Amino acid sequence: MANSGARSSNLGGLGQWWGALAGALLIAAWVNKAAGPAVVIALSAVVLLWCAFQAPVTCGAPVRGREDGCRNNASGLLLGCHIRQHRWQKLKMLVVRRQIRAFCSGLFSDGKATIVTLAGIGSFVSGLVALVPGVVIH
C-alpha cells in the first residue's frame, strides 16, 4: 500500500490530538477517586510530553521582518516547524538567557498556544500533587 505522505491521513487528522484525550482521561482520573496516584502521574506525564513535543501549535521562531515570528505549523511548544533551523532556534531560546523572555511570551502568543501551555502547566502540577501524598485536602 502506497503512503500518500500526508501527515493528516492518520485517523482523519485526529492523530495529533491524542494528548487531548489523555487530558480528558486525566481529569476523569482526578474526579474518580478509585484511580490511584500512579494513574494520575502517568497520565500527567503523557499530557506534559504531548504539550512539549506533539501538540499542534504555531512555530513562533524568530524571523527577520516579522515581529510575531514564523507562522508555520509546529509540533509541540519546544519544537519548531519543518525548517530545521527553527527547531534549533526554539531550543536555543531556552538556553540563552536573553531569549528566555521571548520564548515565554511565545507560549501565550495565540489561543492554541495558550491552551497547550495551560494544559502542560496543569498536567505538571497534577503530577506533582499526585506524587506528594497528603497535599490534596480531602
Side-chain angles (χ1 to χ4, degrees):
M1 182 185 279
N3 187 359
S4 65
R7 184 175 176 195
S8 64
S9 67
N10 298 340
L11 300 175
L14 295 177
Q16 62 187 356
W17 290 99
W18 60 268
L21 175 64
L25 291 173
L26 176 61
I27 292 170
W30 272 109
V31 171
N32 185 3
K33 302 291 185 196
V39 172
V40 173
I41 291 169
L43 287 172
S44 298
V46 166
V47 173
L48 185 62
L49 289 172
W50 176 76
C51 291
F53 297 109
Q54 198 173 9
V57 294
T58 307
C59 177
V63 176
R64 278 185 247 150
R66 288 194 69 113
E67 190 67 31
D68 58 348
C70 177
R71 302 303 297 164
N72 289 335
N73 293 331
S75 295
L77 295 170
L78 296 181
L79 299 178
C81 62
H82 65 278
I83 302 171
R84 185 182 341 153
Q85 187 178 18
H86 288 185
R87 291 178 191 247
W88 288 111
Q89 283 176 337
K90 294 271 299 222
L91 290 174
K92 189 171 99 174
M93 289 172 84
L94 288 174
V95 177
V96 177
R97 185 174 179 194
R98 293 181 194 149
Q99 295 180 348
I100 291 176
R101 178 180 290 170
F103 178 79
C104 291
S105 68
L107 295 177
F108 298 98
S109 62
D110 60 353
K112 199 185 300 187
T114 301
I115 290 172
V116 171
T117 301
L118 292 176
I121 292 170
S123 67
F124 179 74
V125 170
S126 169
L128 284 179
V129 169
L131 189 62
V132 179
V135 172
V136 179
I137 300 172
H138 296 278

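Everything quoted here is computed from the prediction, not taken from an experiment. This chain uses plain numbering: 1 for the first residue, then up along the sequence.
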(message) Suppose we screen for side chain to side chain contact (heavy atoms under 4.5 Å, CB included). Which residues come up paired with A113, at least two apart in sequence or across chains?
(response) S109, D110
(request) Walk me through it: do T117 and C51 pass the test side chain to side chain contact (heavy atoms under 4.5 Å, CB included)? (result) CA-CA 7 Å; T117 301; C51 291; over 6 Å; no
(request) Taking the side chain as every heavy atom from C-beta outward, state whether L131 and P37 have any pair of such atoms under 4.5 Å apart. (result) no
(request) Please list, chain by chain and in numerical order, all residues satisfying side chain to side chain contact (heavy atoms under 4.5 Å, CB included) with L78, sequence neighbours excluded. (result) A52, F53, L91, L94, F103
(request) Just say parallel, tilted or perpendicular for the rings of W18 and W50, cut-offs at 30° and 60°. (result) perpendicular
(message) Could you check whether any side-chain heavy atom of S126 comes within less than 4.5 Å of a side-chain heavy atom of W30, counting everything from C-beta outward?
(response) yes
(message) Do L25 and V129 sit in one hydrophobic cluster, given that two such residues count as connected whenever their side-chain heavy atoms are within less than 4.5 Å of each other, even indirectly?
(response) yes
(request) Taking side-chain hydrogen bond (donor to acceptor under 3.5 Å, both in side chains) as the test, write out the residues that go with S123, two or more places apart. (result) none
(message) Strictly by salt bridge (Lys or Arg N to Asp or Glu O under 4.0 Å), give each pair with a member in residues 70-84 just once, sequence neighbours left out.
(response) D68-R71
(request) Please identify each residue that fulfils side chain to side chain contact (heavy atoms under 4.5 Å, CB included) with I83, with sequence neighbours left out. (result) N72, C81, Q85, H86
(message) Using every non-hydrogen atom in the two residues, find where Q89 and A61 come nearest and quote the distance to one decimal.
(response) OE1-CB, 3.5 Å
(request) Kindly work out whether a path of hydrophobic side-chain contacts (I/L/V/M/F/W/Y, heavy atoms less than 4.5 Å apart) joins F108 to V57. (result) yes
(message) Looking at every non-hydrogen atom in both residues, tell me the closest pair between H82 and R87 and how far apart they are.
(response) CA-NH2, 4.4 Å
(message) Side-chain heavy atoms nearer than 4.5 Å, only ILVMFWY residues, links allowed to pass through others: does that put L77 and L49 together?
(response) yes
(request) Sequence neighbours left out, what passes side chain to side chain contact (heavy atoms under 4.5 Å, CB included) with A22? Give chain and number order. (result) V46, V47
(message) Looking at every non-hydrogen atom in both residues, tell me the closest pair between V40 and A29 and how far apart they are.
(response) CG2-CB, 4.0 Å
(request) With rounding to the nearest 0.5 Å, note down the distance linking CG in L118 to CG in L107. (result) 10.0 Å
(message) Under 4.5 Å between side-chain heavy atoms, counting indirect links through other Ile/Leu/Val/Met/Phe/Trp/Tyr residues: same cluster for L21 and I27 or not?
(response) no
(request) Please answer: with hydrophobic residues joined when any side-chain heavy atoms are less than 4.5 Å apart, are V125 and V39 in the same cluster? (result) yes
